[in-house]
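Beneath this line is the structure, given in structure tokens, with notes to follow.
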Protein chains: 2
Amino acid sequence: MTETIQARPGGRSARVRAAVHRAVEELAAAGPAETLTIPAVAARAGVHPTTVYRRWGSVAQLLADVATSRFSGDVVVPDSGSLAGDLERWMGDVATDLADPDVLALMRATIGSGPEGGCACTADRHEQLGAIIEREKARGGRVPELERAVDMLLGPLYYRAIFSGRPASSDWARGLVAALLAG
Amino acid sequence: MTETIQARPGGRSARVRAAVHRAVEELAAAGPAETLTIPAVAARAGVHPTTVYRRWGSVAQLLADVATSRFSGDVVVPDSGSLAGDLERWMGDVATDLADPDVLALMRATIGSGPEGGCACTADRHEQLGAIIEREKARGGRVPELERAVDMLLGPLYYRAIFSGRPASSDWARGLVAALLAG
DNA sequence: ATGCTAACGCAACGATGAGTGCGATAATTT
DNA sequence: AAATTATCGCACTCATCGTTGCGTTAGCAT
């Protein structure tokens, strides 16, 4: 949760923003998609609907903002010394994060809100994966293409989360790393 | 488009159903997500809103119905004689289908409508992939696990379609088959 | 400590989505 | 061919979303 560091004491705007973000996450997790409306968010956040309308404008923009905040900086890029170790550790963390039903609900709502929704959920993950590969390249090791890594790691992981009902265990996610590095 | 075979002459219900389905696809492709409302769908379909409310109840159920219809039976399972040939041909067809922006818009809306939305988009694809593998097994050939095939074929394909902005070309999709069969 | 500015709350309004009872129509069955 | 039944259209009502103007408050700077 990034809200604690964003809600700096003394800033009302930051406080309101944090409350609204939290309300969006809770509502997305609780009810069906059509209940995620601006008046409902405002009521749950203890804020007047006008404020939300003025600062975010629409549910789509609000969801994009919440998603980019929620899906950035919540997973730390490890530095275990080896590419395999970094990837396994990182994939396990991402899979654990994706195991939370509330996170999935937020992702689904964001995807449904517009064409850019999906990118908002995974843009930071792309950067993190690129950073891991770049670091190994700096070490002098042989590295896979970033595109290929995205396909074989993030692809199955997010596919299971969204399309297949079955849960993506942390162990299984780490197993994908072996398949990538073997090819 | 499956509408032509569903709109059998003489059946008013089927005609209405086809018109509503078509309207949903068009509206999902055209405007933002919040414009996909039941009165709008009814108006575009030339049908009274009451009819849509009574037959489908909510936008989520309507989207699930449209998605299962649209994503079933639109790709024929090939029979080229070999597993690699079948998979390459089938992946190319699926990728071509996913290249249509309208199809993507419908998928996004369906995913956002509820937890079951994603499954409605890929359930038929799972069955088709299972059928291809089963047939090869009947031929006596060595086959990969269905789970593994889903991870390495459908995973990257649908991830690119939803999360990554980049288009999934038909050639690239066929290339995934080689990676699967090599492992 | 005091003035300034940006953000928020409030109260109203219009627009539109959601739901209901009833009559009419088309498709099916005997 | 006539009766039956499921389905649809229509008129009406209620709830609520989206928006605007104005006053107030909190945060910030001198």
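Each chain gets a letter, A, B and so on, in the order the sequences are listed, and its residues count up from 1. Predicted, not measured: the structure shown is a model, and the values here were computed from it.
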For A/Ala161, check side-chain contact (heavy atoms from CB on, under 4.5 Å) against everything at least two apart and list the hits.
A/Leu98, A/Leu104
Under the ring pair (Phe, Tyr, Trp, His ring centres under 6.0 Å) definition, can you give me all pairs with a residue in residues 69-91 of chain B, not counting sequence neighbours?
none
Can you pull out how bent the helix from C/dA1-D/dT30 to C/dT30-D/dA1 is, comparing the axes over its first five and last five pairs, to 10°?
40°
Measure CZ/A/Arg15 against P/C/dC8 and give the value in whole Å, please.
11 Å
Any side-chain donor near an acceptor of the partner, B/Gln128 and B/Asp124, under 3.5 Å
yes
I'd like a table of donor-acceptor pairs (distance under 3.5 Å, sequence neighbours excluded) in which one partner is a side-chain atom from residues 105-116 of chain A, with atom names and distances.
| residue | atom | partner | partner atom | Å |
| --- | --- | --- | --- | --- |
| A/Thr110 | OG1 | A/Leu106 | O | 2.7 |
| A/Ser113 | OG | A/Thr110 | O | 2.7 |

Identify each donor-acceptor pair in which a side-chain atom of residues 75-82 of chain A lies under 3.5 Å from a protein atom, sequence neighbours left out, and give them as a table.
| residue | atom | partner | partner atom | Å |
| --- | --- | --- | --- | --- |
| A/Asp79 | OD1 | A/Arg135 | NH1 | 3.3 |
| A/Asp79 | OD1 | A/Arg139 | NH2 | 3.1 |
| A/Ser80 | OG | A/Ser82 | O | 3.4 |
| A/Ser80 | OG | A/Asp86 | N | 3.1 |
| A/Ser80 | OG | A/Asp86 | OD1 | 2.8 |
| A/Ser82 | OG | A/Gly85 | N | 3.0 |

Euclidean distance, atom CZ of residue A/Arg17 to atom C1' of C/dC8 [Å, nearest integer]:
17 Å
Taking only residues two or more places apart in sequence or in another chain, which ones pass side chain to side chain donor-acceptor pair (under 3.5 Å) with A/Thr50?
A/His48
Distance-only donor-acceptor pairs under 3.5 Å for side chains of residues 152-160 of chain A, two or more places apart:
| residue | atom | partner | partner atom | Å |
| --- | --- | --- | --- | --- |
| A/Tyr158 | OH | A/Arg125 | NH1 | 3.4 |
| A/Tyr159 | OH | B/His126 | NE2 | 3.0 |

Just by protein heavy atoms under 4.0 Å, how would nucleotides 10-22 of chain D read 5' to 3' in B, S and -?
BB-----SBBBBB
Residues passing the salt bridge (Lys or Arg N to Asp or Glu O under 4.0 Å) test with A/Arg174, sequence neighbours excluded, are A/Asp171
